[in-house]
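Down below is the structure, laid out as structure tokens.
Chain A is the first sequence line, chain B the second, and so forth, proteins listed ahead of strands; every chain is numbered from 1.
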Amino acid sequence: MGRSPCCEKAHTNKGAWTKEEDDRLISYIRSHGEGCWRSLPKAAGLLRCGKSCRLRWINYLRPDLKRGNFTDEEDELIIKLHSLLGNKWSLIAGRLPGRTDNEIKNYWNTHIRRKLLNRGIDPTTHRPINGPSSHEVTTISFGSAAHMKEEEEETRRRSKDHKL
DNA sequence: AACGGACACAACCGCCTTGCT
DNA sequence: GAGCAAGGCGGTTGTGTCCGT
């Protein structure tokens, strides 16, 4: 017995989104807001899973997205944040306005990993690949892990307040 | 021009967390 | 406190494009 599926798979589209589906989703969210994702597809007339709609909106259709190439500053920031937080892509994305967790995750796996390897740095541990001499570890020029944790809590509190 | 491998990115899957009853 | 539903997240896969041969 597995867990129940998040939606009725037999009647949902999969794969790339069409322009028409995008338009439907955008116009529905513009007039109704991001309500219940599970019921949204039906209400918007989409044959998609709610999760799929959410992902599409969050990652590609939101009006405040930056898109386009990452700057060197963003590169370095991502590396620093990753050394602090690990694979917490949503937290990292929270520090990069206009960027999404999925976008950063992809960018990390395709560009930054290789960049670090070229520098002789292990992308997982942020330590030099040839011998872990602690002074060579990627240095953090701002904040501490504890400080980051505090801010995470604060963000959580704010979003909770916002909902009330 | 054709082919195959590498690369980039959109999307899905399944687990975990959170909130409600 | 237990159980369930829904949302959120990270890992992974699928597919289109680019580039070298």
side-chain N/O R48(A) vs dA11(B) OP1/OP2, d < 4.0 Å | no

Parallel, tilted or perpendicular, as decided by the 30° and 60° cut-offs, for the rings of H126(A) and W108(A) = tilted

Please give, in whole Å, the distance from [N] [atom2] to [X] [atom1]?
| X | N | atom1 | atom2 | value |
| --- | --- | --- | --- | --- |
| I58(A) | dC12(B) | CD1 | C1' | 16 Å |
| E34(A) | dG8(C) | CD | P | 8 Å |
| R56(A) | dG8(C) | CZ | P | 18 Å |
| Y107(A) | dC9(B) | OH | C1' | 13 Å |
| L65(A) | dC9(B) | CG | P | 15 Å |
| W17(A) | dC9(B) | CH2 | C1' | 17 Å |

Quick check: does any side chain N or O of R114(A) sit under 3.5 Å from a backbone N or O of T110(A), one acting as donor and the other as acceptor?
-> yes

Relative orientation of the end axes in the helix from dA2(B)-dT21(C) to dT21(B)-dA2(C), expressed as an angle to the nearest 10° (five pairs per end) |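 That helix has its two terminal axes inclined by roughly 0°.
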
Are K80(A) and E76(A) within salt-bridge range, i.e. N to O under 4.0 Å?
->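 The answer is no: the pair does not qualify as a salt bridge.
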
Tabulate protein N/O versus nucleotide N/O from nucleotides 5-8 of chain B, keeping only pairs under 3.5 Å, one per line.
from	atom 1	to	atom 2	distance (Å)
dA8(B)	OP2	T110(A)	O	3.4
dA8(B)	OP2	R114(A)	NH2	2.9

Mind checking Y60(A) for me? I need base, sugar-phosphate or nothing, with any heavy atom below 4.0 Å counting as a touch.
-> base

Treat primed atoms plus P, OP1 and OP2 as sugar-phosphate and everything else as base, then score nucleotides 9-14 of chain C 5' to 3': B for base contact with protein heavy atoms under 4.0 Å, S for sugar-phosphate contact only, - for none.
-> SBBB--

